[in-house]
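First the proteins, then the strands, lettered A, B, ... as listed; each starts at 1.
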Amino acid sequence: MDLRSRQEDYINLNPLQVGGRTSANTRLMVNSYLDGYAVCDQCSGALHQIPKPDIAGLTAKMANFLGADLVRFTHGVREAKYLLIKALLKKGDIIVVDGNAHYSTYLAAERVGVEVYSVPNSGYPEYKIKPSNYRKAIRKVKKKTGKMPKLLVLTQVDGQYGNLVDAKKIAQIAKEFKIPLLINSAYLAGRTKVNLKKIGANFIVASGHKSFGAPGTIGALGITKKWVDKLFYQSKNFSPKEVELLGCAARNAAIIGLAVAMETIEERIKLWPEELKKTNWLVEKLEALGEIKQLGEKPKQHDLVYLETPILDKIAKTKRKRGYFLAKELKKKGIIGIRPGLTKKIKFSTYGLTWPQVKYVYQAFKQILKEGEHGI
Amino acid sequence: MKKETKSLFKILNLLEQIRDLFRLTAPDHKMNADQLKTLKNYLKNIKAEAETLEKFSYGFTK
């Protein structure tokens, strides 16, 4: 197995990975906790109560950051979503999710035998989720099945178009129908602040390795205290082990990485406006090259960019490597992260790059287009 | 923490700081004057901590 040097030797644009770039301090501390069960040196039975390393402190800090009453750590957002759906719902129940939801939301529902109705997006080119369509979806479910949905799920920023949805408006609809609302903030919380109570929702899931600069994999489930008995209840036979967490979930070095990342979270989220500036700058410059169109809402309110790039597809048809030419050319220029083989549409993020690196990316694309036009 | 273990972790930390410098200056690692100064400082500190480990190794082999 080779050592991985993708972040050191290349500019990485992979939108999945950019928010999980770790700092030197994070890596050092994680390194010292890599051995099996290292986190458990002083555990008295519950991960979230461990005093040293200060996971108890991390738990409180994360709850405060997410605006939740209580938080528990899982191995990731998908595990947190599954925990919630499994604990609250039963086979045959119905949930309403946004049409841009991550596939793991559907898998979590499928695993429990829960039926999913989705709120369609607005289609090409914006693919937006209109909050009021949740109301339509709820009424549609009631009309079709005679039952009300038991849960609403919102992917606050989706992983395809990087659209930011107004969660407060959906929370108001959720309250109107008295249906609990889960906010999937995997792509947002940690890049900026997201507050469950200010939104007015009931649950929030966040991803350490997606957006907090933590190593993989670590997620957080934040809830309001009303739900503690249904979600974080202890075993009758093995107190204080919480049943839905199977006693203990994220007992790994990743939680240490998250703890270190949280020490500088306030400085991290201050950089968010500048990240959006970089994103919108690059989008504008690339679109100006011609035959490139940004999909999703404009201007961007998130760093994940999805571009329609017919110009690159045209060039690809003249190349021996066809669609693979783009990733190959970018790699020659020291840029990776765009899925090889794709040229009709490409997805990327500049989150965490320096301005010189962002400008370098623009120049690289400009040069590739120029060479393509001249048949080079 | 023991002195030699502290030196070990200080070296690891400095290496991770250099790794961050490489990330910030990818792909060509061309550094500006401040970054080069920082890199030189890291390497100087690594050498100093390595000397501590070296002294320890002499003591261990006695």
Side-chain angles (χ1 to χ4, degrees), chain A residues 3-14 17-34 38 52 213 215 253 256-257 260-261 264 268 271 278 327 329-338 350-364 367, chain B:
Chain A
L3 289 169
R4 181 177 183 264
S5 63
R6 286 169 70 83
Q7 305 272 31
E8 290 74 28
D9 292 344
Y10 297 93
I11 292 173
N12 186 5
L13 301 177
N14 188 334
Q17 296 176 334
V18 292
R21 261 191 216 104
T22 52
S23 71
N25 289 342
T26 299
R27 293 192 299 273
L28 179 72
M29 197 56 74
V30 164
N31 198 342
S32 79
Y33 275 91
L34 273 176
K52 197 177 179 184
I256 300 299
V260 178
T264 52
R268 180 180 174 90
L271 301 173
K278 284 181 219 163
E329 287 303 312
L330 285 169
K331 195 169 184 185
K332 268 197 239 169
K333 291 172 177 15
I335 298 168
I336 56 168
I338 284 177
T350 56
Y351 184 85
L353 296 184
T354 62
W355 268 110
Q357 287 174 326
V358 173
K359 287 172 181 172
Y360 180 89
V361 169
Y362 164 64
Q363 290 298 335
Q367 195 175 0
Chain B
M1 197 180 279
K2 292 190 172 162
K3 196 174 169 186
E4 60 274 15
T5 312
K6 225 181 227 179
S7 283
L8 172 68
F9 277 120
K10 275 186 186 169
I11 292 170
L12 283 172
N13 184 26
L14 289 161
L15 289 171
E16 289 294 352
Q17 300 288 351
I18 294 173
R19 202 173 159 193
D20 267 358
L21 261 182
F22 282 3
R23 287 179 169 201
L24 282 172
T25 56
D28 50 20
H29 302 148
K30 267 189 199 149
M31 295 181 192
N32 61 32
D34 278 340
Q35 286 167 328
L36 279 170
K37 193 176 168 189
T38 302
L39 174 62
K40 284 186 169 99
N41 203 32
Y42 289 154
L43 292 170
K44 186 175 141 201
N45 289 334
I46 286 172
K47 273 187 194 158
E49 296 302 333
E51 273 170 25
T52 305
L53 279 178
E54 198 174 11
K55 281 177 194 163
F56 167 73
S57 76
Y58 291 146
F60 188 72
T61 53
K62 257 189 194 166

To the nearest 0.5 Å, what is the distance between [atom1] on [X] and [atom2] on [Y]?
X       : Y        : atom1 : atom2 : answer
B/Leu12 : A/Met29  : CG    : CE    : 12.0 Å
B/Thr25 : A/Gln357 : OG1   : CD    : 7.5 Å
A/Asp9  : B/Arg23  : CG    : CZ    : 10.5 Å

Evaluate the side-chain proximity of A/Asn25 to B/Gln17: yes if any heavy-atom separation is below 4.5 Å, no if none is.
yes
Which one wins on heavy-atom pair count under 4.5 Å against chain A: B/Leu14, B/Leu21, B/Leu24?
B/Leu24
Where does A/Glu8 contact chain B at under 4.5 Å (heavy atoms): side chain, backbone, both or neither?
both
Honestly, the part of A/Thr22 sitting under 4.5 Å from a heavy atom of chain B is both
Okay, side chain of A/Gln7, backbone of B/Arg19: is any donor-acceptor separation there less than 3.5 Å?
no
Are more than 12 heavy atoms from other residues, nucleotides or ligands located less than 6.0 Å from atom NZ of A/Lys331?
no
B/Asp20 and A/Ala24: which non-hydrogen atoms are nearest, and at how many Å?
OD2-N, 3.0 Å
What's the shortest heavy-atom distance between A/Tyr10 and B/Pro27, and which atoms?
CA-CB, 4.3 Å
